[in-house]
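Side chains included, hydrogens not; waters and symmetry mates left out as well; all remaining heavy atoms used. This is a predicted model, so every value here is computed, not measured.
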Amino acid sequence: MDLVYSPMAKCISAPFPSFTHRPLALFSRVSISPKYANARRLWKMCSASSSDTLVDNGPVKEVRKSLEVASKKEDEYGDLKSWMHENGLPPCKVVIKDRPSHDAKHLPIHYVAAIEDLQAGDIAFAVPDSLVVTLERVLGNETIAELLTTNKLSELACLALYLMYEKKQGKKSFWYPYIRELDRQRARGQLSVESPLLWSDAELDYLTGSPTKAEVLERAEGIKREYNELDTVWFMAGSLFQQYPYDIPTEAFPFEIFKQAFVAVQSCVVHLQKVSLARRFALVPLGPPLLSYCSNCKAMLAAVNGAVQLVVDRSYSAGDPIVVWCGPQPNSKLLINYGFVDEENSYDRLMVEAALNTEDPQYQDKRLAAQRNGKLSVQPFQVCVGKEREAVLEMLPYLRLGYVSDPSEMQTVLSSQGPICPMSPCMERAVLDQLSDYFRSRLACYPTTLSEDEALLSDADLDPKKRVATQLVRLEKKILNACLETTVNFINQLPDHSVSPCPAPFAPTLK
């Protein structure tokens, strides 16, 4: 049944990964391959008190001196790429370079750049599996790793805990050079901005009006739940981490340390395709955050012949930073996961949720009609950038269904096999008014206007966190404004522009 609006019709229309973190689940009697029992594993991720990652506030001279000491320390231990070559990385076509951090207290940001001119199809590098961290490597057994993922154990939490204990071993850890690099990056994105998961309450206020703020708070609660489960996991599967002769997790690591580690892993984990569950989440030393994410790039890290390699999708000149695709993620996810916003992101989108009124006497019939047309009683609509008009056209038939009030008309809707039921101009006006009011109310939730956002972004000295937050809310407002403009245009096309909307006591809700 394809129910659509015509000048005289009431009706509905034909059918319309994000990255989530799952709470730790309980499991028992898990054993681990003995050959990994003595492996060197332990880490404590960057904290406010860690001299490896943060320099205390102080006079400029003291800050500069601290950075010089940190740089000399790096020279003493060698760089990441040299360590990788010493441990099996074959010759490659990239080099690690650096650019200044926005904060003088922090070391420069490292990034992977082409060491020579590259053409599309060239292999930039191939990191052997021996230098890649996956659950299979951490747990020493693919079957156990798949069991844990099947039981909803968060891969990110497990990888973070592993690196935290590895860091505790310091230079004794095989992964010391890689861990030191993660400390340097401090989960910072392409603008040297940390994920909002590490922002203060005052900084989160930059996102006021955006649904992203609620997503950040929800994600933070999820990380807290995972932390609270760590001891249970430790005791229920003691063999899992028996190679670490240290205290149980929550005694060894305060929540803030675990949260920082979790966010750092989140910012650099690679989701490999066509591999086992135990290898699908990987930490690749030459991968992100040393590689920059780009929404219009198609190059991806891939598992090939015992290595994770990158085949570039475009030409590069020597010295150019190498970019990879981050998947079809909206800007809200890019900001939460990686700390940046892509102005050219063709995958950007917002969600509008519509719900049939449960107090409506005809609710069950309307729910059935919606199901027959591929919709739910609570239906999310994705509004993609550049396709706002299509999204509004998809919402309208669903909203019209909620305005049907005559039981006989409802029965006609249920029995129809095609476009049916006349809808009066006044009823259509009511539907469009509800939708336009909704878009206006969402726009009113933002404390700034689009023009004010533009003025902020023109300030070269704008705080980087405020800049990236302003970029996000500005792009959200542009999508909402496009939806509002489309809706107003439909109102202007009604036969009688002055017609008053019909009352609708059981209109659907929008949020």
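Heavy atoms from other residues, nucleotides or ligands lying under 6.0 Å from NZ of Lys466 number 12 at most. For Glu353, the CD atom sits in a packed shell: over 12 heavy atoms of surrounding residues, nucleotides or ligands are nearer than 6.0 Å. In Lys511, the NZ atom is not crowded: 12 or fewer heavy atoms of neighbouring residues, nucleotides or ligands sit closer than 6.0 Å. No more than 12 heavy atoms of other residues, nucleotides or ligands sit less than 6.0 Å from atom CD of Glu344.
Between the side chain of Arg467 and the backbone N or O of Leu457 there is at least one donor-acceptor pair closer than 3.5 Å. Looking at Arg280, its side chain never comes within 3.5 Å of a backbone N or O of Val275 through a donor-acceptor pair. Between the Glu388 side chain and the Gly386 main chain, a donor and an acceptor come within less than 3.5 Å of each other. Without hydrogens or angle criteria, Ser200 side chain to Glu203 main chain gives a donor-acceptor distance under 3.5 Å. With Gln266 contributing its side chain and Ile336 its backbone, the two residues share a donor-acceptor pair below 3.5 Å. Looking at Asn345, its side chain never comes within 3.5 Å of a backbone N or O of Ser295 through a donor-acceptor pair.
Summarising the geometry of Pro380 relative to Met351, their closest heavy-atom pair is CB-SD, 3.7 Å, with the distance given to 0.1 Å. Among all heavy-atom pairs drawn from Val132 and Trp175, the shortest one is N-CH2, 4.0 Å. Among all heavy-atom pairs drawn from Ala299 and Val323, the shortest one is CB-O, 4.2 Å. Scanning all heavy atoms of the two residues, the minimum distance from His85 to Pro91 falls at CE1-CA, 4.2 Å. Here the shortest heavy-atom pairing between Phe174 and Leu131 reads CZ-CD2, 3.8 Å. Smallest separation of non-hydrogen atoms from Pro464 and Val193: CB-CG2, 3.5 Å.
For Lys259 and Tyr227, the positive end is not near the middle of the six-membered ring at less than 6.0 Å and at most 45° from its axis.
Val324 places none of its side-chain heavy atoms less than 4.5 Å from the side chain of Met300. Counting only heavy atoms from C-beta outward, the side chains of Thr212 and Glu476 approach each other to under 4.5 Å. Side-chain contact between Arg314 and Lys298 is absent, with no heavy atoms from C-beta onward closer than 4.5 Å. Here the side chains of Pro288 and Leu301 are in contact, with some heavy-atom distance below 4.5 Å. Inter-residue side-chain proximity for Arg180 and Arg184 is flagged as unmet; no heavy-atom pair is nearer than 4.5 Å. With contacts defined as side-chain heavy-atom distances shorter than 4.5 Å, the pair Glu181/Leu290 qualifies. Side-chain contact between Asp313 and Trp325: absent, with no pair of heavy atoms (C-beta onward) separated by less than 4.5 Å. Pro211 is listed as a side-chain neighbour of Arg442, based on a closest heavy-atom distance under 4.5 Å.
Rounded to the nearest 0.5 angstrom, Gln309 CD and Cys92 SG are separated by 12.5 Å. Between the NZ atom in Lys168 and the CZ atom in Phe253 there is a gap of 5.0 Å [rounded to 0.5 Å]. Going from atom CG of Leu475 over to atom OG1 of Thr470 covers 10.5 Å, rounded to the nearest 0.5 Å. The line from CG of Asp79 to CD1 of Ile96 is 6.0 Å long, rounded to the nearest 0.5 Å. One distance of note links CG of Asn337 with SG of Cys268; it measures 11.5 Å at 0.5 Å rounding. Atoms CZ and CE, from Phe125 and Met84 in turn, are 7.5 Å apart once rounded to the nearest 0.5 Å.
Partner Leu291 forms a side-chain contact (heavy atoms from CB on, under 4.5 Å) with one of Leu286, Val270, Leu310, Val284 and no other, that one being Leu310.
Side chains of Asp453 and Thr448: a donor on one and an acceptor on the other come within 3.5 Å.
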Evaluate the criterion side-chain contact (heavy atoms from CB on, under 4.5 Å) for residue pair Asp205 and Trp199; output intermediate values, then yes/no. CA-CA 10 Å; Asp205 285 343; Trp199 292 9; over 6 Å; no
Please test Tyr178 against Leu283 for side-chain contact (heavy atoms from CB on, under 4.5 Å), starting from the C-alpha separation and ending with a verdict. CA-CA 10 Å; Tyr178 181 43; Leu283 299 175; 3.5 Å; yes
Please step through side-chain contact (heavy atoms from CB on, under 4.5 Å) for the pair Asp342 and Tyr347, ending with a clear verdict. CA-CA 10 Å; Asp342 187 347; Tyr347 302 99; over 6 Å; no
Please step through side-chain contact (heavy atoms from CB on, under 4.5 Å) for the pair Met395 and Gln379, ending with a clear verdict. CA-CA 9 Å; Met395 293 178 210; Gln379 176 64 42; over 6 Å; no
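Classification of the Phe281-His271 ring pair by plane angle, with boundaries at 30° and 60°, yields parallel. In this pair, Tyr338 and Tyr293 present their aromatic rings tilted. The plane angle is within the 30 to 60° band.
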Only distances under 3.5 Å count here; give the side-chain donor-acceptor pairs of residues 111-124 to other protein atoms, sequence neighbours excluded, each with its distance to 0.1 Å.
from   : atom 1 : to     : atom 2 : distance (Å)
Asp117 : OD1    : Ala318 : N      : 3.0
Gln119 : OE1    : Ser315 : OG     : 3.1
Asp122 : OD2    : Gln119 : N      : 2.8

